[in-house]
Amino acid sequence: MRVLVTGGAGFIGSHVVSALRGHGHEAVVYDVRAAPPSDVRDPYAVGRALAGVDAVCHQAAMVGLGTGFADAAEYVSRNDLGTAVLLTAMAEAGVRRLVLAGSMVVYGEGRYVCERHGVVRPGPRAVADLDAGRYEPPCPRCGADLVPGLVGEDAPVDPRNVYATTKLAQEHLAAAWARATGGSAVSLRYHNVYGPGMPRDTPYAGVASFFRSALARGECPRVFEDGRQRRDFVHVRDVAAANAAALRADSPPGALTVYNTGSGEPHTVGEMARELAAAYGGPEPVVAGGYRLGDVRHITADSTRIRAELGWKPEVGFAEGMREFARAGMREE
């Protein structure tokens, strides 16, 4: 199969290219970092790149929480306009198979259970609570403490920042494309991806990158809040393998299918910082308090569906992955 990989020179995209080639596919890299650079918002360049292509793995995106609302237009341009241009070109070229790099950020907060009211959906955390160090969202009905759990693909979506909003819009565009063309679309809702080749510390990098970059500078990783926020850290090679599995899948035409793509093993951010620092040889992390507005407290995946339907499962364990990441090279962005 000839597969166009947008963002194929990036962190996740480059691993997707390797995984596809390892499965015997012809992977074509399309990326602003490539020579010559190729912007997914350029309809003529995209149209040319789609010649002879059987499927697309759409990884190109502006990622991360960013720097507030000032870069909202850039997020929308790169992520949503870029996706619309790509899907239009795919419709015209007769390419009917899409794997989209989705994200768990579309859920907002994860799944919570109140002892009195059952499953509830807490709203955005109040600035006053965050300033006071009250990080756990209370039950929206009675104010009681909540127990976090795993969120499934059928949970309501509730994006809490600009990046999350654009990732949800990408899914809606893909669903509309599938209905209009009879194509099949899969969105892999990545959880916290880490691993070799991750970008160095930038405002758009993930928390694993922040910690690894600090260690490389000889500094203590600084953990926001109290370090007890739960995430699902999934290795980039496992994410790449999920893309290959999605391409092999017999996905229904005319529809978008979504899959959580996570390790299935929740860890706290503080735990990740300690594991990574120990593997690197120090210094130890510090819990600095503070917060990033727009961050959610707990979001961890139920990845049962992708295991059952695509036969995919993560192969890189948490401790093993952190040991590798502690010594792996990182990329400049």
Side-chain angles (χ1 to χ4, degrees), residues 1 3-31 33 55-61 63-64 99-104 186-200 205-213 215-216 231-249 259-267 271-272 275-276 279-280 300-333:
M1 188 182 297
V3 184
L4 183 70
V5 183
T6 69
F11 165 47
I12 297 176
S14 61
H15 285 273
V16 171
V17 167
S18 296
L20 295 181
R21 290 173 177 167
H23 282 82
H25 299 297
E26 180 185 359
V28 180
V29 174
Y30 187 96
D31 197 294
R33 305 170 187 83
V56 173
C57 281
H58 184 30
Q59 309 294 314
V63 301
V99 178
L100 173 67
S103 176
M104 54 78 184
V186 171
S187 178
L188 300 175
R189 289 178 175 170
Y190 302 160
H191 279 246
N192 289 71
V193 186
Y194 73 96
M198 198 171 191
R200 292 185 185 277
V207 66
S209 172
F210 294 154
F211 293 164
R212 175 66 172 74
S213 297
L215 290 167
R231 296 292 186 270
D232 185 317
F233 298 99
V234 58
H235 196 277
V236 66
R237 286 198 299 274
D238 286 329
V239 166
N243 277 266
L247 279 177
R248 295 193 303 269
Y259 294 107
N260 285 335
T261 308
S263 71
E265 298 180 1
H267 293 274
E271 182 183 359
M272 188 271 283
E275 189 83 22
L276 184 59
Y280 193 85
T300 51
D302 181 348
S303 296
T304 303
R305 179 183 293 178
I306 191 172
R307 293 175 185 238
E309 295 185 9
L310 300 190
W312 171 89
K313 63 182 180 67
E315 300 291 344
V316 183
F318 179 72
E320 173 193 355
M322 289 298 158
R323 286 193 299 269
E324 179 194 30
F325 184 46
R327 295 301 174 188
M330 300 182 75
R331 68 170 62 216
E332 301 290 345
E333 285 292 288

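Just so you know, these numbers use all the heavy atoms, side chains as well, and skip hydrogens, waters and symmetry mates. Residue indices begin at 1 and follow the sequence shown.
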side-chain contact (heavy atoms from CB on, under 4.5 Å) between I306 and S303, worked out
CA-CA 6 Å; I306 191 172; S303 296; 4.0 Å; yes

Determine, step by step, whether V193 and F233 satisfy the side-chain contact (heavy atoms from CB on, under 4.5 Å) criterion, reporting the C-alpha distance in whole Å, the side-chain angles of both residues, the deciding distance to 0.1 Å, and the verdict.
CA-CA 6 Å; V193 186; F233 298 99; over 6 Å; no

Starting from the C-alpha separation in whole Å, work towards a yes-or-no answer on side-chain contact (heavy atoms from CB on, under 4.5 Å) for V56 and V3.
CA-CA 5 Å; V56 173; V3 184; 5.9 Å; no

Quick one, Y194 with V236, criterion side-chain contact (heavy atoms from CB on, under 4.5 Å). Give me CA distance, side-chain angles, the key distance, then yes/no.
CA-CA 6 Å; Y194 73 96; V236 66; over 6 Å; no

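Across all non-hydrogen atoms, the minimal contact from V186 to A246 is CG1-CB, 4.0 Å. The two residues A9 and V29 have their closest heavy-atom pair at N-CG1, 3.8 Å. Minimum heavy-atom separation, A319 to E275: CB-OE2, 3.6 Å. A pairwise comparison of heavy atoms in D31 and G8 identifies OD2-N, 3.3 Å as the closest pair. For A241 against A19, the heavy-atom pair with the smallest separation is N-CB, 4.4 Å. Taking all atoms of both residues into account, the shortest heavy-atom contact from C57 to L247 is SG-CD1, 3.9 Å.
In this structure, D238 contributes its side chain and V316 its backbone to a donor-acceptor pair below 3.5 Å.
Between L276 and L215, some side-chain heavy-atom pair lies under the 4.5 Å cut-off. Side chains of P314 and R307 form a contact here, defined as non-hydrogen atoms less than 4.5 Å apart.
A side-chain donor-acceptor contact under 3.5 Å links N243 and Q59. A donor and an acceptor atom, one from each side chain of Y190 and D232, are nowhere located under 3.5 Å apart.
Here R237 pairs with E324 in a salt bridge; the nearest charged N to carboxylate O distance falls below 4.0 Å.
The CZ atom of F210 lies 8.5 Å from the OG atom of S213; values are rounded to the nearest 0.5 Å. In this structure, Y259 OH and S187 OG are separated by 11.0 Å, a value rounded to the nearest 0.5 Å. For the atom pair NE2 of H58 and OG1 of T6, the computed distance is 4.5 Å after rounding to the nearest 0.5 Å. The line from OG of S209 to CG of N192 is 12.0 Å long, rounded to the nearest 0.5 Å. In this structure, Y280 OH and F211 CZ are separated by 15.5 Å, a value rounded to the nearest 0.5 Å. Going from atom CE of M104 over to atom CG of N260 covers 10.5 Å, rounded to the nearest 0.5 Å.
A side chain to side chain contact (heavy atoms under 4.5 Å, CB included) with M322 is found for exactly one of H267, R212, M272, H235, namely M272.
Relative ring orientation between H25 and H23 is described as parallel, the plane-to-plane angle staying below 30° on a 0-90° scale split at 30° and 60°.
Here S103 pairs with V105, Y163, K167 under the side-chain contact (heavy atoms from CB on, under 4.5 Å) rule; sequence neighbours left out.
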